Amino acid sequence: MPDKLDFYEKVYQVVRQIPKGKVTSYGAIARAIGSAKSSRTVGYAMNACLKTDHSIPAHRVVNRNGVLTGKHHFPSLTAMQERLEAEGHLIKDDVIINFKDVFWDPFHEY
DNA sequence: TTGCTGACGAACA
DNA sequence: ATGTTCGCCAGCA
């Protein structure tokens with residue numbers, strides 16, 4: 001079937017499951033949907049969802065170091081950080097403080 | 001169609 | 001510890 005669209009579907013599905021106050025990484029999502037080495041493409045999917053589906057909390061997805069590498073793609077350069085702070089996260093120099101403590105592993109859900 | 005790019009990550013030197 | 005290379009996959013010129 002539409003394998004290509006399938007990839008997006010799965011990515012969105014996982015991202016939507018991220019609990020409020022938690023975050024996860026591109027790589028974690030990639031593993032969760034069965035494409036462990038496609039973390040880059042996960043980010044690409046996020047980029048697309050920003051423009052299309054606003055119901056997806058793309059700001060809860062950061063890289064494996066807890067860095068807000070995707071902030072440049074938001075309407076505002078500070079939008080991502082502010083959203084995260086609004087959910088109780090502490091951010092310093094684009095890095096989520098206590099990232100490890102607020103990390104949510106989608107793999108753990110499956 | 002080919003080649004390059006990119007919100008990543010892991011392996012190597 | 002730091003820098004480079006490769007894999008993965010969608011989108012665009």
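What you are looking at is a predicted structure, and each value in this text was computed from that prediction instead of being measured. Numbered from 1 within each chain, the chains take letters A, B, ... in sequence-line order.
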Euclidean distance, atom [atom1] of residue [X] to atom [atom2] of [N] [Å, nearest integer]:
| X | N | atom1 | atom2 | result |
| --- | --- | --- | --- | --- |
| A/N47 | C/dA10 | CG | C1' | 11 Å |
| A/D6 | C/dC8 | CG | C1' | 16 Å |
| A/R31 | B/dC8 | CZ | P | 15 Å |
| A/K51 | C/dA10 | NZ | C1' | 13 Å |
| A/R60 | B/dA7 | CZ | C1' | 17 Å |
| A/N65 | C/dT2 | CG | P | 13 Å |
| A/K71 | B/dG6 | NZ | C1' | 18 Å |
| A/M46 | C/dG11 | CE | C1' | 16 Å |

Select base, sugar-phosphate, or nothing to describe what [X] touches, counting heavy atoms under 4.0 Å on all strands.
| X | value |
| --- | --- |
| A/L50 | base |
| A/S35 | nothing |
| A/N63 | sugar-phosphate |

Which of these nucleotides, [options], is closest to any side-chain atom of [X]?
| X | options | result |
| --- | --- | --- |
| A/T41 | C/dG11, C/dG7, C/dC9 | C/dC9 |
| A/R64 | B/dA7, B/dC8, B/dA10 | B/dA10 |
| A/S39 | B/dG9, B/dA7, B/dG6 | B/dG9 |
| A/Y44 | B/dG9, B/dG6, C/dC8 | B/dG6 |
| A/S38 | B/dG6, B/dA7, C/dC8 | C/dC8 |
| A/A58 | C/dG7, B/dA7, C/dG11 | B/dA7 |

(message) If I pick the C1' atom on B/dA7 and the same atom on C/dT2, what distance separates them, to the nearest angstrom?
(response)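 These two C1' atoms come out 23 Å apart once rounded.
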(request) Say whether A/V61 and A/I91 are linked into one hydrophobic cluster, either directly or through other cluster members, by side-chain heavy-atom distances under 4.5 angstrom. (result)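 Result: no, two separate clusters.
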(message) Measuring only between side-chain heavy atoms, which start at C-beta, is A/F7 closer than 4.5 Å to A/T41?
(response)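 Yes. Closest side-chain heavy atoms under 4.5 Å.
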(request) Using the salt bridge (Lys or Arg N to Asp or Glu O under 4.0 Å) rule, take A/R60 and A/E87 through it: C-alpha gap first, then chi angles, then the decisive distance, then the call. (result) CA-CA 10 Å; A/R60 293 181 188 152; A/E87 294 184 358; 2.9 Å; yes
(message) Ignoring hydrogens and geometry beyond distance, is the side chain of A/Y26 in donor-acceptor contact with the base of B/dA7 at under 3.5 Å?
(response)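 By the distance-only test, yes, there is a pair.
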(request) Confirm from the modelled atom types if A/R40 and B/dG9 form a donor-acceptor pair under 3.5 Å, side chain to base only. (result)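 Answer no: no donor N or O sits under 3.5 Å from an acceptor.
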(message) One thing to verify: whether A/R16 and A/D53 come together as a salt bridge, which I'm taking to mean a side-chain N less than 4.0 angstrom from a carboxylate O.
(response)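 Yes, charged N to carboxylate O under 4.0 Å.
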(message) Working to the nearest 0.5 angstrom, can you tell me the gap between A/H72 NE2 and A/D94 CG?
(response)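 Spacing of NE2 (A/H72) from CG (A/D94) equals 7.0 Å.
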